[in-house]
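What follows is a set of notes on a single structure, which appears directly below.
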Amino acid sequence: MPELPDVEGFREVLARCAQGKRITGVEVHDAGVLHGVGAERLRRRLEGRRFTEPGRHGKWLLARTDGPTVLMHFGMTGQLVCCRATDDLQAHDRVVFVLGRDQLRFRDQRKLQGIWLAEDPDADVARALGDQGPDALSMDRDGFDELLSGRRGRVKSVLTDQSLIAGLGNLLADEILWRARLHPARQAGELSDDERHRLHTEMRRTLRSSVRAGRVPPRRSWLTGRRDDADPACPRCGGPLDRRRVGGRGTVWCPRCQPDTS
DNA sequence: TTCATTGTTGTAGC
DNA sequence: GGCTACAACAATGA
């Protein structure tokens with residue numbers, strides 16, 4: 001499920017596969033992923049353009065061209081893949097950007113999000129991303145303190161609220177809280193200076209490792225590597241992990257390492 | 001058939 | 001109005 005590290009990986013795929021290349025065709029195999037733009041207009045606006053350096057904000061990918069910018073959000077199951085024109089079309093290849101012999105494919109099983117066209121690469125992008133908080137990778141300690149202080153909501157809800165901080169999803173939030181030894185239902189504003197500092201440090205560490213791996217790595221030494229086990233055990237203390245809904249989301253934590261002090 | 005999955009959106013309530 | 005919590009929705013598989 002694409003979170004910041006996955007989308008950063010897709011950005012690299014685009015940079016490697018498509019940057020500098022001319023768009024010779026746009027094949028829309030399922031217009032259901034298009035938002036606010038039809039297949040015909042998407043094609044007309046993009047054909048003949050070249051992809052330039054791609055950007056990312058939170059979970060959004062900015063596929064820039066020397067004309068409009070294509071905004072992509074991958075929902076739960078989306079991905080961006082680099083193919084040869086001769087590669088078989090997959091069942092869930094919804095939109096194909098043809099670049100001569102190469103192709104950039106927006107592949108998505110469940111069409112929960114999709115593709116937007118920002119005709120004006122400044123104003124339209126700013127409008128589309130206007131409700132997004134700062135990118136999680138750019139959040140420094142002061143900004144993080146400000147984010148959490150005075151908030152009554154649960155710390156997990158704050159971490160996954162894209163309008164407050166952009167890029168963290170369910171898996172990352174659980175992983176970061178586990179590493180920082182903080183219970184996900186703690187009130188954000190009641191964390192001590194030390195706890196906030198730990199959370200910020202672990203957020204950066206977890207993000208860095210995950211970006212390197214292209215995803216939140218499901219290693220056995222990470223919480224993520226255990227959460228699908230039948231009787232998951234904490235990689236750190238070996239105790240049984242707890243699993244319950246927090247803020248409406250499936251949440252996994254270690255009751256021993258992450259005591260609920262609220 | 002129902003539930004669970006995730007991120008987003010709309011809304012109710014404080 | 002700002003903030004918080006929660007239900008609903010998208011599509012699909014178990």
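Per chain, numbering begins at 1; letters A, B, ... match sequence-line order. In this text, all values refer to a predicted model and were calculated from it rather than measured experimentally. All values below come from the heavy atoms of this structure, side chains included, with hydrogens, waters and symmetry mates left out.
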Subject >> Nearest-Å distance for atom pair CE/C1', residues A:Met76 and B:dT9 >> reply: 17 Å
**OP:** Indicate, with a heavy-atom threshold strictly under 4.0 Å, whether A:Gly153 touches base, sugar-phosphate, or nothing.
**Re:** sugar-phosphate
Original post:
Want to settle it: does A:His92 or A:Gly150 sit nearer the 5' end of DNA chain C, counting the closest nucleotide to each?
Top reply: A:Gly150
Subject >> Whole angstrom value for the distance that separates P of B:dT5 from CD of A:Gln113 >> reply: 18 Å
Subject >> Charged N-O contact under 4.0 Å between A:Lys156 and A:Asp174 >> reply: yes
Original post:
Once you round it to whole Å, what is the distance between C1' of C:dA11 and CG of A:Asp30?
Top reply: 11 Å
**OP:** Check A:Leu159 against A:Ile165 and note the closest heavy-atom contact, atom names and distance.
**Re:** O-CG2, 3.6 Å
Subject >> Distance SG-SG for A:Cys82, A:Cys17 less than 2.5 Å >> reply: yes
Subject >> Neighbour count above 12 (heavy atom, 6.0 Å) for A:Asp231 CG >> reply: no
Original post:
Does the distance from a Lys or Arg side-chain N to an Asp or Glu carboxylate O, for A:Arg127 and A:Asp124, drop under 4.0 Å?
Top reply: yes
Original post:
Rounded to whole angstroms, how far apart are NE2 on A:His57 and P on B:dT8?
Top reply: 11 Å
Original post:
Does A:Asp229 pair with A:Arg243 as a salt bridge, N-O distance under 4.0 Å?
Top reply: no
Original post:
How close or far is atom P of B:dA4 from atom CZ of A:Arg227, stated in whole angstroms?
Top reply: 15 Å
Original post:
Which one, C:dC3, B:dT9, C:dT12, comes nearest to the side chain of A:Gln109?
Top reply: C:dT12
Original post:
Does OP1 or OP2 of B:dT8 have a side-chain N or O of A:His73 closer than 4.0 Å?
Top reply: yes
Original post:
A:Leu112 side chain: which of C:dA10, C:dT12, B:dT9 is closest?
Top reply: C:dA10
**OP:** Would you kindly compare A:Arg245 and A:Gln132 by the position of their nearest DNA chain B nucleotide and give the one closer to the 5′ end?
**Re:** A:Arg245
**OP:** Write down the distance between CD (A:Glu146) and P (C:dC3), rounded to a whole number of angstrom.
**Re:** 12 Å
**OP:** Quick one: name the residues clustered hydrophobically with A:Leu71, using the 4.5 Å side-chain heavy-atom rule over I, L, V, M, F, W, Y, and just say none if it's on its own.
**Re:** A:Trp60, A:Leu62, A:Trp116, A:Val125, A:Leu129
Original post:
C:dG13 P sits how many Å from A:Asp108 CG, rounded?
Top reply: 13 Å
Original post:
In terms of side-chain heavy atoms of A:Asn170, which of B:dT5, B:dT9, B:dG7 is nearest?
Top reply: B:dG7
Original post:
If you check every side-chain atom of A:Arg249, which of B:dT9, C:dA8, B:dT5 has the closest atom?
Top reply: C:dA8
**OP:** Tell me what A:Gly247 touches on the nucleic acid: a base, only sugar-phosphate, or nothing, going by heavy atoms under 4.0 Å.
**Re:** nothing
Original post:
Is any side-chain N or O of A:Arg154 under 3.5 Å from a base N or O of C:dT4, one able to act as donor and the other as acceptor?
Top reply: no
Original post:
Taking the side chain of A:Arg151 as its heavy atoms from C-beta onward, which of C:dC6, B:dT6, C:dT4 lies nearest to it?
Top reply: C:dT4
Original post:
From the list C:dT4, B:dG7, C:dT12, which nucleotide is the closest neighbour of the side chain of A:Glu3?
Top reply: B:dG7
Original post:
How many Å lie between NZ on A:Lys156 and C1' on C:dA5, as a whole number?
Top reply: 15 Å
Subject >> Presence of salt bridge, A:Asp145 and A:Arg196, under 4.0 angstrom >> reply: yes
**OP:** Measure the angle between the two terminal helix axes of the helix from B:dT2-C:dA14 to B:dC14-C:dG2, five base pairs each, and quote it to 10°.
**Re:** 50°
Subject >> Any A:Arg152 side-chain N or O less than 4.0 Å from OP1/OP2 of B:dG13 >> reply: no
